There are 2 protein chains.
Amino acid sequence: MSKDLYRKKTQIFKALAHPTRLFIIDKLENGECCVCEFVNELDVDFSTVSKHLSVLKNAGIIIDEKRGQQVYYTLVMRCVCTFSHCIETFLNKE
Amino acid sequence: MSKDLYRKKTQIFKALAHPTRLFIIDKLENGECCVCEFVNELDVDFSTVSKHLSVLKNAGIIIDEKRGQQVYYTLVMRCVCTFSHCIETFLNKE
DNA sequence: TGGTTATTTGGCAATTTTACCAAATAACCA
DNA sequence: TGGTTATTTGGTAAAATTGCCAAATAACCA
């Protein structure tokens, strides 16, 4: 496999490698959410949440749609959830 | 889900988020390898390879076994491969 | 138009990750 | 025992990531 493909794949894993971003993915598993919903549940600045969302968006894991004043995010790379659940099972065994 | 679980899950993703470590995982999909095999195929210092292996080992993704002078590594978190293939499919679509 | 709300962007200091070199350890063999 | 090979560990400078604040944008409403 090419170096470039490994680099691109790495970007996906890097995008997921943060507690806040994993929380966002978990919430999105059950359907779209607007930015304000994440801000309400996370104890971080709204600008920080926005930057985490843009990391996931740039990686192609989620997409955004503006409706009125709000921006809604949707999970497109659904297999992240499958893997995430596998990790949970794995962690429970230890 | 607890903050601690998110932190632990993040460690798994961080451990995977490097081109060299993804290459290692790919090779291990087909069975165990010794450190020297990775060093031969990667254009980095052997101490660097060793440190990447220890990152994966500490995350519980691979395990090691010493036989003679050599150390062999085996992939235990096999679902990483499934996800890795999903990402490849995803990247090919774009 | 002016004000309010929702979100993103720019900038920056603190923290984390990375890769190399040199040195340490460990197993084997002469 | 001494030398060689395989691997890990410690140290360090460079690069990347993070989270906050302040400022910019963008949409809505009075």
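Because the structure is predicted, anything quoted here is derived from the model rather than measured. Labels below follow one simple rule: chain letters A, B, ... track the order of the sequence lines, proteins then strands, and each chain is numbered from 1.
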Heavy-atom closest contact (A:Phe90 atom, B:Val76 atom, distance): CE1-O, 3.9 Å
Presence of salt bridge, A:Arg67 and A:Glu32, under 4.0 angstrom: yes
Pairs meeting criterion side-chain hydrogen bond (donor to acceptor under 3.5 Å, both in side chains) with involvement of residues 52-64 of chain A, two or more places apart: A:Arg21-A:His52, A:Lys57-A:Asp64
Mutual orientation of the aromatic rings belonging to A:Phe13 and B:Phe83 [parallel < 30°, tilted 30-60°, perpendicular > 60°]: perpendicular
Strand-adjacent residues in residues 68-77 of chain A, judged by heavy atoms under 4.0 Å from DNA chain C: A:Gln69, A:Gln70, A:Val71, A:Tyr73
5′-ward residue of the pair B:Lys66/A:Val35 relative to DNA chain C: A:Val35
Closest non-hydrogen atom pair between A:Asp26 and A:Ser84, with its separation: OD1-OG, 4.2 Å
5' to 3' contact window, DNA chain D with chain A (heavy-atom distance under 4.0 Å): D:dA16 to D:dC28
Separation between CG of B:Leu16 and CG of A:Leu16, rounded to the nearest 0.5 Å: 10.0 Å
Distance-minimising heavy-atom pair for A:Cys81 and A:Leu75: SG-CD2, 3.5 Å
Minimum-distance pair of heavy atoms, taken over all atoms of B:Ile61 and B:Ala15: CD1-CB, 3.9 Å
Heavy-atom pair of closest approach, residues A:Glu88 and B:Leu5: CG-CD2, 4.4 Å
Within 45° cone and under 6.0 Å: A:Lys3 NZ/CZ vs A:Tyr6 ring: no
Watson-Crick or G-U stems of DNA chain C, 3 or more pairs, under 3.5 Å, by first number: C:1-30 with D:1-30
Any side-chain heavy-atom pair of A:Met77 and A:Ile12 under 4.5 Å: yes
Under 3.5 Å: donor-acceptor pair, side chain of B:Arg78, backbone of B:Glu29: yes
Modelled atom types, side-chain donor and acceptor of B:Asp4 and B:Ser2, under 3.5 Å: no
Over all atoms of both residues, closest heavy-atom pair of A:Leu56 and A:Ile24: CD1-CG2, 3.8 Å
N/O to N/O distances under 3.5 Å, protein versus nucleotides 17-19 of chain C:
residue : atom : partner : partner atom : Å
C:dT17  : OP1  : B:Lys14 : NZ           : 3.3
C:dT18  : OP1  : B:Arg21 : NH2          : 3.4
C:dT18  : OP2  : B:Arg21 : NH1          : 3.4
C:dA19  : OP1  : B:His18 : NE2          : 3.2
C:dA19  : OP2  : B:His18 : NE2          : 3.3
C:dA19  : OP2  : B:His52 : NE2          : 2.7

Sugar-phosphate only, base, or nothing, as touched by B:Ser54 at under 4.0 Å among non-hydrogen atoms: nothing
Heavy-atom donor-acceptor pair, A:Glu37 side chain to A:Cys34 backbone, under 3.5 Å: yes
Contacting residues from residues 2-9 of chain B, given that a heavy atom lies under 4.0 angstrom of DNA chain D: none
